[in-house]
Amino acid sequence: MADSTIEPVLSVPEQPKNQNSSALDLGSPAFLVERALVGLGLSIFFGLALGMHRGGLSLITHALAIPGGLLLTTCVSIPSLYIVLSMLGAPLRLGLLLASVSTALHTAGRVLAGFAPIAALLVVTIREPIALALVAKLGLEIAGCLSLYRLMSAVREANALSGTIPGSAQTKYGLVLCGFVVLALNLGQMAFSTLLPALRGAS
Amino acid sequence: MSPALTQSIEQLLRSPDNVVQSLKSKDEQVGAYRASLLLIVTGTACFGAVLGTSHGPLQSLYSAIKLPAAVLLTLLLTTPAFTAIAAALRRPLTAANATLLVLAAAARGALVLLALSPVVWLAMRHGLQYHRGIMTAVLCYTLADMYALRMILRGVGNDWRGRFVVLFFAAALIPAGAQSTWMLRPFVGRPSQHTLPFLRNIDGSFTDSVTRSLDSSVRFE
């Protein structure tokens, strides 16, 4: 087979509002809230798709559980990240962290909405309850990984924007961010296992 | 066959990089849409027809209609996920470019299926058993998918980000494609079945079927 190109050919470059940043999309507080809400709103589509397995009330419970789980995970995990980074002397400002969270929630919602048609096909045509749980897990894990990637990129850039960081501190913050990823994934799993009927085995 | 279509087929076969480059040009996009759709329908219809040969011409006709439908349904369901994954990994594509790239990649996959059709037909003529026929079809789809995904990699960039886009997209594409095809079965037709249904009832899933076929093809050695 011929060698593949390295450069993206079709992808369009992102247009950041801040010229110093690419992952971190800064804007007014209203814009950040709106973007986070759009993300949460989009995630409802994935919940609705999961609810189609049983229909009726299940549509509503699943539709509410997905943004609920995202919000719960964010509310529980983000303060810890901010506290630990601040105590370690990271120059990260709260406003920049909130911008990063807004980006991550938007990403999660968009990915979940993108997976909604596939989820609907799978849960409607495969009747076994295990399929519902697997589809829910697959969608949430992919969305979780991608939104955490966006969050980490944005936090790193926000940290850099907030002030200069010496080399040794960068390693320290890197370790904190890795720990945060593990924490957030586990918290997310716990939150969705509690809130999402598909993962409670009570679809 | 129009010269533009011939050129599109040539490019898809010989220089997928040029195809990806040409998708950027607005003038060539309409031609690329048409050529890709035509190739998807032709390639998968031929492969479907070949799969049905073991059960007669009617099954061939049914499979030739259903396989393109399954592929187009899969593309319809997975393109939004592809766009979202690419954007999340900071390789955003416009909706038109994402659709074109997925269509062109599927067309390349369909050409692979078209190339494999005579081989599968020959195997069917030599009495390839039902379960082995299904396993052969699954292997052919896998090979076609690999070629299609390589083309998508060219579009989003062959670095770690691009590879992750393709990896996550494959995680969405494989179950969606498998289940769409499963819903529209039978394509091969069971030897014990005397009537030929256009569609079979949905019972179990694609993975159950592959596990069963794998088990049977090994057990009846």
Side-chain angles (χ1 to χ4, degrees), chain A residues 1-16 22-25 39 42-43 45-46 49 103-104 106-128 130-131 134-135 138-139 141-151 153-154, chain B residues 14-17 19-21 23-24 73-74 76-94 97-98 100-101 147 150-159 161-162 164-165 167-169 171-173 175-180 182-183 202-208:
Chain A
M1 287 179 208
D3 282 344
S4 307
T5 49
I6 298 294
E7 288 299 311
V9 178
L10 282 176
S11 298
V12 289
E14 285 183 309
Q15 298 291 326
S22 57
L24 190 59
D25 204 356
L42 283 172
S43 71
F45 287 107
F46 187 71
T103 306
H106 184 80
T107 300
R110 203 173 158 187
V111 172
L112 286 171
F115 272 84
I118 304 166
L121 168 84
L122 293 174
V123 303
V124 169
T125 58
I126 307 177
R127 298 313 303 169
E128 290 91 345
I130 186 74
L134 283 176
V135 170
L138 180 75
E141 278 172 9
I142 291 179
C145 288
L146 292 174
S147 63
L148 275 172
Y149 161 72
R150 285 302 293 245
L151 180 70
S153 309
Chain B
R14 293 179 188 280
S15 50
D17 286 339
V19 177
V20 173
Q21 288 283 358
L23 296 182
K24 284 197 290 190
L73 175 67
T74 306
L76 194 70
L77 292 171
T78 53
T79 307
F82 173 62
T83 316
I85 291 166
L89 284 165
R90 294 159 74 179
R91 284 288 150 80
L93 293 153
T94 62
N97 278 350
L100 267 172
L101 182 60
Y147 273 87
R150 270 188 73 87
M151 182 145 174
I152 287 181
L153 188 61
R154 288 164 203 267
V156 293
N158 188 5
D159 57 357
R161 245 184 253 260
F164 269 105
V165 171
L167 189 74
F168 283 124
F169 178 53
L173 179 74
Q179 193 61 21
S180 308
W182 170 257
M183 275 166 51
I202 297 172
D203 52 342
S205 67
F206 172 79
T207 42
D208 296 338

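Throughout, a chain's letter reflects where its sequence line sits, starting with A, and its residues are numbered from 1.
- Heavy atoms from other residues, nucleotides or ligands lying under 6.0 Å from CZ of B/Phe164 number 12 at most.
- The side chain to side chain contact (heavy atoms under 4.5 Å, CB included) check on B/Thr78 picks up A/Ile118, B/Thr74, B/Phe169, B/Leu173, B/Ala176, with sequence neighbours excluded.
- Scanning all heavy atoms of the two residues, the minimum distance from A/Phe115 to B/Phe168 falls at CZ-O, 4.4 Å.
- Taking CD from B/Gln179 and OG1 from A/Thr125, the interatomic distance works out to 3.5 Å, rounded to the nearest 0.5 Å.
- In terms of heavy-atom proximity, A/Gly114 sits nearest to B/Ala84 at CA-CB, 4.5 Å.
- Contacts of A/Leu134 classified as side chain to side chain contact (heavy atoms under 4.5 Å, CB included), with partners at least two apart in sequence or in another chain: A/Ile130.
- A/Leu138 approaches B/Ala171 most closely through the heavy-atom pair CD2-O, 3.7 Å.
- B/Ala87 and A/Arg150 get closest at one heavy-atom pair: O-NH1, 3.0 Å.
- Residues A/Leu122 and B/Pro175 approach most closely at CD2-O, 3.6 Å, considering heavy atoms.
- In this structure, CD1 in B/Ile85 is found 11.5 Å from SG in A/Cys145, a value given to the nearest 0.5 Å.
- Ranked by heavy-atom pairs under 4.5 Å with chain A, the first of B/Ala172, B/Ala88, B/Gly162 is B/Ala88.
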